[in-house]
Amino acid sequence: MTWVPGAAGGGFGARHLPYGAFTRGDAAPRLGARIGDFVLDLAAAERAELVLAGGSLCAPTLNAFLALGRPQWTAVRARLVDLLTDERHRPAVEPLLSPVSDVEPVLAWSPGDYVDFYSSEYHATNVGRILRPGQEPLLPNWKHLPIGYHGRAGTLIVSGTPVVRPCGQRRSTGAGEPVFGPSARLDIEAEVGFVVGVPSALGERVPTGAFANHVFGVVLVNDWSARDIQAWEYQPLGPFLAKSFATSVAAWITPLEALGAAWVPAPRQEPPVQEYLREEDRRGLDLALTVEWNGTLVSRPPFAGMYWTPAQQLAHLTVNGAALRTGDLYASGTVSGPERAQTGSFLELTRSGAEPVTLAGGESRMFLADGDTVTIGATAPGPDGTRITLAPVTGSILAPR
Ligand code: MN
């Protein structure tokens with residue numbers, strides 16, 4: 001039980017402790033750990049030798065800490081739990097806490113490469129029906145490998161950063177010439193991202209069983225998507241400018257250790273997969289996502305039903321010998337369940353704009369309007385029957401430039 005006021009029993013208790021980076025005023029970014037409605041200044045804690053991580057916690061990003069690996073991550077976490085639960089440490093540690101409302105989150109790590117998958121069978125089926133009506137919704141490769149693409153790491157942005165509506169080419173179905181202008185079908189994709197800590201060597205494969213040696217933790221992701229730009233540009237090479245203008249990530253990374261109670265059996269795979277994609281014990285994370293559109297809860301996507309697991313995604317993205325770098329991010333793909341109110345994109349929620357949704361303010365929506373705000377949240381089973389809250393990812397749409 002933590003001594004931090006108000007933190008015990010909440011979603012950011014002492015058994016969660018997500019990591020992030022923050023600024024205050026003009027000060028340089030510093031690393032922090034979130035506890036309740038407070039942030040523990042990790043740089044100050046390491047300088048005071050309350051916790052030791054080879055100086056990595058004094059850096060402006062988490063990268064040096066991410067590179068340390070599982071034994072160090074576990075040791076630092078155990079020490080932080082001790083500092084925040086044992087009253088004897090309170091006099092030294094309490095002065096290093098700031099209210100989370102007093103700090104400005106910044107991107108917690110310097111991203112390496114960014115890969116986005118497409119691992120929900122429900123999402124892939126829904127999108128296949130919309131993009132290729134009258135045809136088999138899942139393409140022949142879908143159940144043999146986790147489909148993905150390399151995204152743009154340089155436009156990963158921290159939760160709260162506004163998103164300028166992108167401009168680009170689009171062509172209405174059946175229309176002759178493409179037109180250029182602001183996207184008229186701007187959408188979200190509610191996803192779960194995995195932050196890589198320990199790199200791998202070029203030419204080496206990372207087996208499914210090595211997932212926890214490489215992956216540090218989890219962040220919620222919003223893969224903003226301009227559907228009209230996407231529909232015109234995506235064949236034959238996949239998503240490009242419809243996605244690369246911005247991808248939002250939560251401010252606080254939940255370490256894998258906090259999700260120990262959240263693993264559940266993953267769906268059975270038929271046909272059987274290639275040897276390198278097999279797992280002794282196939283497991284997914286039981287994260288319950290929420291999507292709020294201008295404050296109205298419009299969807300509850302369930303992450304537990306994803307067809308491809310994070311360990312399979314990691315094995316697949318390295319099976320050709322591509323090296324992992326510290327700070328790489330790979331995201332799950334849109335999380336959708338079987339029900340309409342479980343879909344992780346507005347393309348699916350509104351059936352491609354055919355059935356608008358009405359928000360609590362009375363406004364009717366098919367896709368995002370300028371000024372709209374979307375917040376993706378999630379909770380997960382925590383230790384000892386508790387529930388942890390993943391840090392939300394939020395963003396608002398600005399008018400095109
Ligand atoms: Mn996506």
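Ligands are counted one by one from 1 in listed order, and the atoms in each one are counted from 1 as well. All heavy atoms count here, side chains included; hydrogens, waters and symmetry mates do not.
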Practice problem: Write the atom name of the N, O or S atom in Asp223 that is nearest the Mn ion (ligand 1). | Solution: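 Output for this pair reads OD2.
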
Exercise. Check Glu189 and report its N/O/S atom nearest to the Mn ion (ligand 1), by atom name.
Key: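 Nearest to the Mn ion (ligand 1) within Glu189's N, O and S set: OE1.
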
Self-check item: Derivation of the side-chain contact (heavy atoms from CB on, under 4.5 Å) call for Phe117 and Ile147
Solution: CA-CA 6 Å; Phe117 284 99; Ile147 301 290; over 6 Å; no

Practice problem: Round to 10° and report the angle made at the Mn ion (ligand 1) by OD2 of Asp116 and OE2 of Glu191. | Solution: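 Computed angle, vertex at the Mn ion (ligand 1), rounded to 10 degrees: 100°.
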
Quiz item: When the aromatic ring centroids of Trp109 and Phe216 are compared, is their separation below 6.0 Å?
Solution: no

Quiz item: Hey, mind stepping through Ser332 and Phe303 against side-chain contact (heavy atoms from CB on, under 4.5 Å) and telling me if it holds?
Solution: CA-CA 9 Å; Ser332 59; Phe303 189 64; 3.6 Å; yes

Quiz item: Any side-chain donor paired with an acceptor under 3.5 Å for Trp3 and Thr85?
Solution: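 Absent: no donor and acceptor within the cut-off.
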
